[in-house]
Structure formats: structure tokens, C-alpha cells
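In what follows, every chain begins at residue 1, and chains take the letters A, B, ... in the order their sequences are listed.
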Amino acid sequence: MGGGGFMRLTRYYMPTLREKPAEAEIISHQLMLRAGMIRKLASGIYSFLPLGYRVVRKVEEIVRQEMDAKGALEVFLPVVQPAELWRETGRWDRFGKELLRFKDRGEREFCLGPTHEEVVTDLVRNELRSYRQLPVNLYQIHIKFRDEIRPRFGLMRAREFIMKDAYSFDADEEGLNKSYEDMYDAYSRIFHRCGLKFTAVEADTGAIGGDVSHEFMVWADTGEDVIVGCPQCGYAANLEKAEFRVTEVGDHEKEKPLEKVHTPNMKTVEEVTGFLGVLPSRLVKTLLYHTDKGFVALLIPGDREVNETKVARLLGVESLELASFADVEEITGAPVGFAGPIGLEGVELVADRLLEGMKNVVVGANEEDYHYMNANWGRDFLPHLVGDIVKALPQDPCPRCGVPLEFSRGIEVGHIFKLGTKYSEAMEAYFLDARGRERPFVMGCYGIGVTRTAAAAIEQHHDDDGIIWPISIAPYECYLLPTNTTRQDIKEASEKVYQGLMEKGVEILLDDREERAGVKFKDADLIGVPIRVTFGERSIKKGVCELKLRWEKGSMEVPLDRVVEEVVALKETLLGEVRP
RNA sequence: CGGGGCGUAGCGCAGGCUGGUUAGCGCACCUGCCUUGGGAGCAGGGGGUCGGAGGUUCAAGUCCUCUCGCCCCGACCA
């Protein structure tokens with residue numbers, strides 16, 4: 001590790017803060033600032049101090065070992081990338097403002113790399129020619145820059161961050177499947193070794209493209225992502241992707257005559273259903289969206305929300321956003337709040353499958369202050385397309401086994417994709433197969449947010465006093481705490497143990513500062529080193545010191561001449577607990 | 001991009017409405033004494049372009065205009 005695996009605090013740079021910085025909202029951000037791990041340079045841009053950087057390096061090293069074990073090869077690609085490359089895949093225009101663009105002195109356009117599909121594909125297309133050279137998996141660990149709309153939560157959603165990204169190149173689908181499985185396995189091992197409680201969930205491929213994808217989620221109530229899981233069969237997906245079973249196959253009511261009702265100034269589902277005395281699920285919301293293929297009207301139950309990801313996938317569109325108020329008026333002939341499928345022309349009607357078979361529902365009348373009651377599918381309106389376009393809700397039946405789904409929150413720390421030939425075709429990256437045919441590489445890409453993983457670990461492992469590092473990613477493994485360095489016996493004992501542990505390769509901090517014991521205890525707890533050895537007056541006279549784990553209340557007395565071996569053994573035990 | 005809030009010492013803040021000596025407090029920092037098992041005590045001390053620019057005024061941290069930065073919420077589910 002940088003700077004060696006041992007250090008005395010009198011020579012360290014670890015500016016801890018007693019008070020929590022005003023800017024920090026979530027616990028990992030607060031603790032990283034307080035523990036002297038990071039400092040902010042600008043919005044979403046952080047410097048790593050020695051303690052923080054050691055944690056980053058620990059995570060990186062675990063990632064590196066597991067990637068190498070799968071035969072992936074480490075490379076180092078440029079942060080600054082030319083616009084032409086991004087134009088080849090069309091992402092120069094599509095990527096949006098997250099892509100930080102600038103020009104060099106010669107007015108040539110560049111960007112700071114938010115990801116490296118283009119660069120890595122460019123790299124191999126000039127060098128890999130034959131199927132015999134495949135598969136290849138190239139990875140790197142370094143800085144990414146994404147100009148987030150709103151950076152927040154410290155390292156959790158930073159603009160500049162450290163990422164491990166890997167790209168696999170295979171000759172065919174079968175090869176890709178193998179590469180993907182290897183990465184899935186490597187990721188499981190990596191997060192396990194980092195001491196994290198996590199789960200892999202099915203995910204949508206979104207802007208990166210491709211078809212199959214999993215996200216690795218660290219469980220945390222403060223997480224920004226919603227995990228939908230089945231307690232019975234283990235189905236797990238993120239909210240964007242989560243499917244659910246339709247159990248009700250329709251109503252057995254008789255169709256009643258369509259009835260136009262006056263609903264003055266009632267625009268929301270609550271207002272209309274409250275006024276008409278029906279359940280929100282009996283109202284059909286009609287939402288107008290603008291897509292790159294024109295306008296569409298989405299029909300969903302009043303108690304549901306549109307899942308835009310599912311819609312985009314179903315329609316095969318790239319952009320999807322709610323129509324403006326003006327467009328809604330133009331298309332429906334009524335102000336927002338009164339749209340409905342009956343008599344709505346010029347737009348494609350897309351209905352959620354939940355509505356199929358429902359009888360006598362409420363819909364907007366496309367006329368200000370009017371709705372219809374007893375509208376019926378088939379008789380009064382007929383959707384052009386039916387599909388799953390709403391978000392799952394807790395208690396919806398699992399798509400696989402029908403057991404009620406449970407919702408929880410998580411932090412996305414890893415994401416793997418089967419890309420297929422999307423990039424290789426766009427960039428004309430071909431190889432020759434066994435029969436001499438030119439074929440595009442079948443690609444996969446695999447990311448891990450290294451700095452986010454460190455933050456996620458804190459979200460999952462802390463208490464009121466500070467961080468509680470899993471030993472595998474702790475900045476140091478052991479904290480030596482002489483309570484009073486003015487006493488020779490205490491000082492000498494701690495120095496001797498320091499020497500002993502150093503020789504055994506244990507990563508240690510010796511708190512040799514002339515501070516009062518309380519200050520040292522507070523700092524030790526704050527920075528969260530897992531093993532602590534205390535040298536105090538009472539115990540030193542008995543020839544012992546105290547061994548304590550950060551997450552346990554009590555400590556154990558250990559003879560001074562045995563503490564080195566005890567710490568070494570303890571370290572091995574703790575590391576063993578996070579080995580896959 | 002829309003809305004709200006905040007920029008005063010390294011950190012956390014007061015002062016501002018109602019302009020008026022040398023701009024304060026706690027923590028941190030330096031020196032000394034003392035103390036040494038959960039962020040001690042006493043004494044002394046250093047540190048500020050009050051985010052920046054312009055303006056009003058005899059006088060601006062305070063009022064006005066502009067600007068920069070940071071934080072939070074929202075970005076339209078009819």
C-alpha cells in the first residue's frame with residue numbers, strides 16, 4: 001500500500017473533525033469528511049487524503065485480483081477523448097449534457113470520458129483481426145467524469161469518480177455468455193470480499209444499450225435505487241425492470257351504457273374518483289408522451305405510475321417525455337386533466353395489460369370539465385398496442401412464482417451488460433471468423449464504482465461513533481492506542497508492539513500523539529479501524545494490554561508478549577470471514 | 001433548467017431587519033502551566049480582502065444592483 005502499511009500519527013495527515021460539516025447530508029459523506037478521508041474541491045469533485053486513498057486502493061486491489069483471476073487484462077485508457085470517436089456511435093449528440101465537452105487550442109472538439117466503449121473498441125478494431133485471438137477482456141481502473149445535473153451525497157453521486165470498467169470481446173453469443181458469467185462471478189466475489197451485503201438484480205440496459213444486464217446492489221436504506229425482490233423464489237430486479245404477474249383476469253360486470261359526467265375543475269385522479277365515488281384503480285389515466293416517433297397516449301390504471309423504461313422498450317423509441325401542456329391541449333382539445341381514449345385521434349393508443357377486461361371504467365372526455373363513466377374496452381375505445389408499461393408496486397405478485405413482491409432500497413455499485421454488436425457494428429470493428437468471414441465483435445461491458453463502493457460500505461457499516469470498516473477495505477487493520485505517551489512503560493510497550501506487528505505485515509497506525517486518551521479513543525472509533533490495542537496504566541502494570549474489535553463493546557486482556565500473535569491471528573480470522 | 005436557502009478565521013455559527021469605536025462566540029491551532037481511560041482546565045497568543053465587483057452614504061459585514069460559488073427541493077403521472 002502507498003506509504004507503507006504502518007504509520008505513526010505524529011507524522012500522519014488525518015484532519016479529523018469533531019463537528020459534522022453542514023454540507024453533508026448522508027452518513028457516509030459526513031463520516032468521510034469527519035474522518036479526514038476526503039475534502040471537496042468543487043461541486044461533486046473530491047480530493048482523497050491518505051486515509052481515504054488507502055481505502056480506495058484496497059477496493060481497487062480486490063477488484064484487480066478478481067479481474068485478473070478471470071483472465072481480464074488491465075489497460076489504461078485516456079480521459080480526454082476526441083469527438084470523432086463519439087460521433088461514430090452517435091453518442092456525441094445523444095449523450096446529453098453529462099458529457100463534458102471542450103475544445104483544444106486548435107478548435108478540435110474533445111470530451112472528458114464518462115465511459116470508454118468508444119475508446120476501447122477503437123483500440124481493438126485496429127489490432128484484433130482473428131477469431132483465434134478471442135476472447136479478450138480489457139479493463140482499467142481510473143477516473144471518469146460525468147457532468148451530473150445535480151451532484152450530491154459526497155462520493156455517492158460525484159461528477160468525478162473512480163471506476164473499474166471492463167470490456168469483453170467475443171466471437172459469438174456463446175462466448176459472450178461465458179464472459180458475462182465470469183464477470184458475474186467475479187463481481188460476486190469482489191463485493192463479498194469488500195464485506196458488503198449485496199444482491200444482483202435484473203436491470204434494464206438503458207442508454208448503454210444491449211439486452212441482458214444485472215446491477216449489483218448494496219443494501220442500504222439511504223440508497224437511491226429501489227430493489228424489487230421475491231422472498232420466495234429469489235427473483236430480484238430494479239424498479240425500472242421489475243415485472244409482475246397479472247392475476248385478475250377481468251371483471252364479470254355487465255357493460256353499462258357510457259355516461260358523460262360533469263366534473264368541474266377536477267383534474268387529478270383523487271379529485272375525480274373522490275367526486276364520482278369510485279376507486280382510483282377504476283379510473284384510466286391517459287398520459288400523452290412525446291417520443292422520437294411522434295406522440296403516444298398511454299392508458300394505465302389510476303393507482304399506477306408509468307414505467308418509462310418499459311414504455312421506451314415496448315415502443316422501441318429512444319426518447320420519451322411527457323408532452324407539454326400546449327401539446328396536450330392541441331391533441332385532446334381540452335386542458336390537461338381531461339384526456340381520455342374515446343375519440344382521441346392522431347396518436348397511438350398504448351394500454352397497460354392490467355386494463356384488458358376491466359369493465360365500466362372512468363376516463364377523461366377530451367372536453368374541459370367532463371369525464372366518461374362506464375367506458376369499455378372494445379366497445380368505446382380500442383388500444384393499438386397492449387403491454388406492461390407500469391411500475392410494480394409492493395405486494396404485486398412475483399412474475400415467476402406469484403408470491404407478493406417486497407421493496408427495499410440499495411446502492412448500485414456494479415453493473416454488467418451484454419452489449420452484443422451495437423458498438424462494434426457502429427464502429428466497424430470486425431474480425432475474421434474460422435470461415436474467413438468478416439464479423440463484428442460480440443461485446444460485453446462491466447463497471448464497478450470504486451469510490452462509490454467505499455461510500456456504500458460506510459452506509460452499511462457505521463454506528464454513532466463513526467465508521468466500522470470491514471477489515472478487507474479498512475485503511476489500516478490495527479490501531480495502537482497508548483493512553484499516555486508521557487509514561488515510559490506505556491510508550492515503550494506500544495512501540496515494541498508496533499515494531500512486532502510491522503514485521504508481521506499487519507497494517508497499523510500508532511497513535512503516539514501527546515493527546516489525552518479520550519481524544520484518541522474518539523479518533524480511533526471515528527476512522528473505524530477494526531482491531532484496536534490499548535495500552536493503559538492499569539493493565540501495563542499487569543503486563544497486559546487490551547484487544548478490542550471496533551464493533552464489540554468489551555475488550556480482552558492479552559499479555560504484552562503475546563499480543564502480536566493474537567493480532568495476527570485475529571486479522572486472519574476476520575479476513576477469512578469475507579473470503580468467498 | 002425552475003424554486004428555496006446559504007456564503008463572516010480551518011470547522012460550526014452569531015451579528016444584518018434598525019448602517020456608526022479596534023467584527024464576535026464555540027471548536028481547532030500556537031506558547032506555558034497543569035492534566036492523562038472516552039473529544040479536560042487555567043493563562044497568554046496567532047489567524048478575517050465579512051465570496052467578488054459596482055453603487056448609495058460623511059460612514060457599508062449590514063442597504064441597492066450585478067456576479068460567482070455551495071447546499072436543498074423540484075423537473076411537470078393530468
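- Using a 4.0 Å cut-off between charged nitrogen and carboxylate oxygen, Arg550(A) and Asp463(A) count as a salt-bridge pair.
- Contact annotation: Thr485(A) side-chain N/O to U36(B) OP1/OP2 distance is not under 4.0 Å.
- The stretch residues 274-286 of chain A touches RNA chain B through Lys285(A), Thr286(A), each having a heavy atom within less than 4.0 Å of the strand.
- A salt bridge links Arg313(A) and Asp204(A); the closest N-O separation between the charged side-chain nitrogens and carboxylate oxygens is under 4.0 Å.
- The list of salt bridge (charged side-chain N to carboxylate O under 4.0 Å, His left out) pairs with a residue in residues 15-32 of chain A, not counting sequence neighbours, reads Glu23(A)-Lys40(A).
- A donor N or O paired with an acceptor N or O is not found under 3.5 Å between the base of G37(B) and the side-chain atoms of Arg532(A).
- Using a 4.0 Å heavy-atom criterion, one finds that Arg34(A) contacts the bases of the nucleic acid, with or without backbone contacts as well.
- Looking at heavy-atom distances under 4.0 Å, Leu526(A) makes contact with a base.
- Judged by a 6.0 Å distance limit and a 45° cone about the ring axis, Arg54(A) is positioned over the six-membered ring of Tyr476(A).
- Distance alone, capped at 3.5 Å, is enough to place a donor-acceptor pair between the Arg159(A) side chain and the Ser43(A) backbone.
- Taking atom CD on Glu148(A) and atom P on C1(B), their separation rounds to 16 Å, with Å as the unit.
- At a threshold of 4.0 angstrom between heavy atoms, the contacts of Val328(A) include nucleobase atoms, whether or not backbone atoms are also involved.
- Interface remark: the Asp523(A) side chain does form a donor-acceptor pair with the G39(B) base, using a distance-only criterion of under 3.5 Å.
- Put simply, Lys97(A) has no side-chain N or O that comes within less than 4.0 Å of OP1 or OP2 on C1(B).
- Although no hydrogens or angles enter the test, the distance criterion places a donor-acceptor pair under 3.5 Å between the side chain of Thr483(A) and the main chain of Phe535(A).
- The existence of a salt bridge linking Glu495(A) and Arg8(A) is confirmed by a sub-4.0 Å separation between a basic side-chain nitrogen and an acidic carboxylate oxygen.
- Remark: Arg11(A) is not positioned above the aromatic ring of Phe6(A), lacking an NZ or CZ atom under 6.0 angstrom from the ring centre and at most 45 degrees off the axis.
- With 3.5 Å as the limit, one finds no donor-acceptor pair spanning the side chains of Asn265(A) and Asp369(A).
- Rounded to a whole angstrom, the distance from the C1' atom of U22(B) to that of C17(B) is 25 Å.
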Taking only nitrogen or oxygen atoms into account, show me every contact under 3.5 Å that the protein makes with nucleotides 26-31 of chain B, one pair per line with its distance.
{"residue": "G26(B)", "atom": "N2", "partner": "Glu19(A)", "partner atom": "OE1", "Å": "3.0"}
{"residue": "C27(B)", "atom": "O3'", "partner": "Arg18(A)", "partner atom": "NH2", "Å": "3.4"}
{"residue": "A28(B)", "atom": "OP1", "partner": "Arg18(A)", "partner atom": "NH2", "Å": "3.1"}

